[in-house]
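Below you'll find the structure, written out as structure tokens, and then a few comments.
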Amino acid sequence: MYDGLKGFRDFYPGEQSARREVTDAIEGAASRHGFREIATPALERTEMYVDKSGEEIVEELYAFDDKGGRGVSMTPELTPTVARMVVAKGQELSKPIKWMSTRPFWRYEQVQQGRFREFYQTNIDVFGSSAPEADAEVLAVAADALTDLGLTGDDFEFRVSHRDILGGLVRSLAADPDAVDTAAAIRAVDKRAKVDDAEYVGLLSDAGLARDTARDFDDLISDVETVADLDAVAEAGDESVEAAVENLRNVLAAADDFGAGEFCEVSLTTARGLDYYTGVVFECFDSTGEVSRSVFGGGRYDDLIESFGGQPTPAVGVAPGHATLKLLCQRAGVWPDEELSTDYYVLSVGDTRSEAAALASDLRALGDDVVVEQDISGRSFGAQLGYADSINAETVVVVGERDLENGEYTVKDMESGDETTVPVEEFPPEDGLPTYEDYV
């Protein structure tokens, strides 16, 4: 008997059916907005991640040398892969490029609630548009997916920020702007809620801000709660801050038009820790706070394609993580039932296999999503009925030798236990999904 690996999960049919329903909702929302599905490999060259994040990233990867001596890694995220794909096709791709993909990723990190070593995300990305409408559409897809799952504005919120505002403010407030590491300062903001105040101020100080200035900077960004509050931020910064504030306002206005504005709030203490983010960033949180960590996030990464050797290509995306999304859905009571669902079980009695199989085929032809099972184990009547109950069959159709002699089937409603007989030539009808209720 072997145990599964830590951080890797098995999904049995009930849970997997719920996960499939959630995935379909996310992908369905993206598809309605014109995002096209792509598929990507499980392995990439390790150097792609090292070049992007430094040698220390290898400690977080499932990295190894393959049989050809190449350094490869199990993909820890999708963004570098899609950047490679965009560069590979170059000018062949019509802009904007709108792609989506649901797949597993792997990171060797500490296992905790909502975080595993193998995890699943749906990535939704736009390449080739710097317009605020592109950011707004990504927000709208995320909002549509969550509301399609049954969540409401009382359940979640998008905290929207702009990294250029943060970076510009740091430089504007610093005594010596050239001595400030803006990327480190933004990473400090990203850790603000995860460390104590002294450590947070220390991180800002390490980035090049005097401690008093660090306090002023934090007061300025933490006081922003509405779009109107951005006026004070624009006044405190330079021209780059003013431009970033204007961009953030335009994105939020577009989000209103795209139907996502009601879920958005300004939050300059939201930063996103990855250095490749360049403009608007956002994170989704449980509005009640019961799910304490970010459910998922996204943002703009305009420089990434160029850094991979491609032409300058603006980009923005979001990646709902399925593990944390499950926590939110469970808290809100909208996680799909983890139960099997079966429309029909065709129960065979005696030497009726051919007739039962033909009926099962006719029932499956009623619709692409109709689920029909039949006996494949040669079991008794009682054993078949017990199995039908275990798979939550709604309707059992008994095909027995005596029934066929009388030119009929027995149709049984499994919830009530009621049953009736139906002429063979009337079942199934040409359209509709027949149940016991249709024949009484």
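Excluded from the calculations below are hydrogen atoms, water molecules and symmetry mates; all remaining heavy atoms, backbone and side chain alike, are included.
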Looking at [X] and [Y], would you say the former's side chain and the latter's main chain have a donor-acceptor pair under 3.5 Å?
X      : Y      : value
Asp238 : Val241 : yes
Arg36  : Gly34  : yes
Asn250 : Glu246 : yes

message: Under a 3.5 Å threshold, yes or no: a donor from one side chain and an acceptor from the other, between Tyr277 and Arg272?
response: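 Judged by distance alone, the side chains do pair up.
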task: Report yes or no: do Arg103 and Thr75 form a side-chain donor-acceptor pair below 3.5 Å?
output: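 Judged by distance alone, the side chains do pair up.
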query: What pairs with Phe263 under ring-ring contact (aromatic ring centres under 6.0 Å, His included), at least two apart in sequence or on another chain?
result: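 Partners of Phe263 by the ring-ring contact (aromatic ring centres under 6.0 Å, His included) criterion, ordered by chain and then number, come out as Phe156.
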Can you confirm whether [X] is buried at [atom1], in the sense that more than 12 heavy atoms of other residues, nucleotides or ligands lie under 6.0 Å from that atom?
X      : atom1 : result
Lys95  : NZ    : yes
Asp212 : CG    : no
Asp65  : CG    : yes
Gln112 : CD    : yes
Arg364 : CZ    : yes
Tyr108 : OH    : no
Gln16  : CD    : yes
Arg32  : CZ    : yes

task: Answer yes or no for Arg107 and Tyr62: cation-pi contact, defined as NZ/CZ to six-membered ring centre under 6.0 Å and angle to ring axis within 45°.
output: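 That pair does not qualify as a cation-pi contact.
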- prompt: On the ring face of Phe285, is Arg159 found with NZ or CZ under 6.0 Å from the centre and within 45° of the axis?
  reply: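 Satisfied, under 6.0 Å and within 45°.
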Distance-only donor-acceptor pairs under 3.5 Å for side chains of residues 120-127, two or more places apart:
from: Thr122; atom 1: OG1; to: Thr102; atom 2: OG1; distance (Å): 2.7
from: Thr122; atom 1: OG1; to: His322; atom 2: NE2; distance (Å): 2.9
from: Asp125; atom 1: OD1; to: Tyr301; atom 2: OH; distance (Å): 2.5

query: Can Arg117 and Glu60 be counted as an ion pair, charged N to O under 4.0 angstrom?
result: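 No, Arg117 and Glu60 are not salt-bridged.
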message: With a 4.5 Å cut-off on side-chain heavy atoms, are Leu139 and Phe258 touching?
response: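 No. Closest side-chain heavy atoms not under 4.5 Å.
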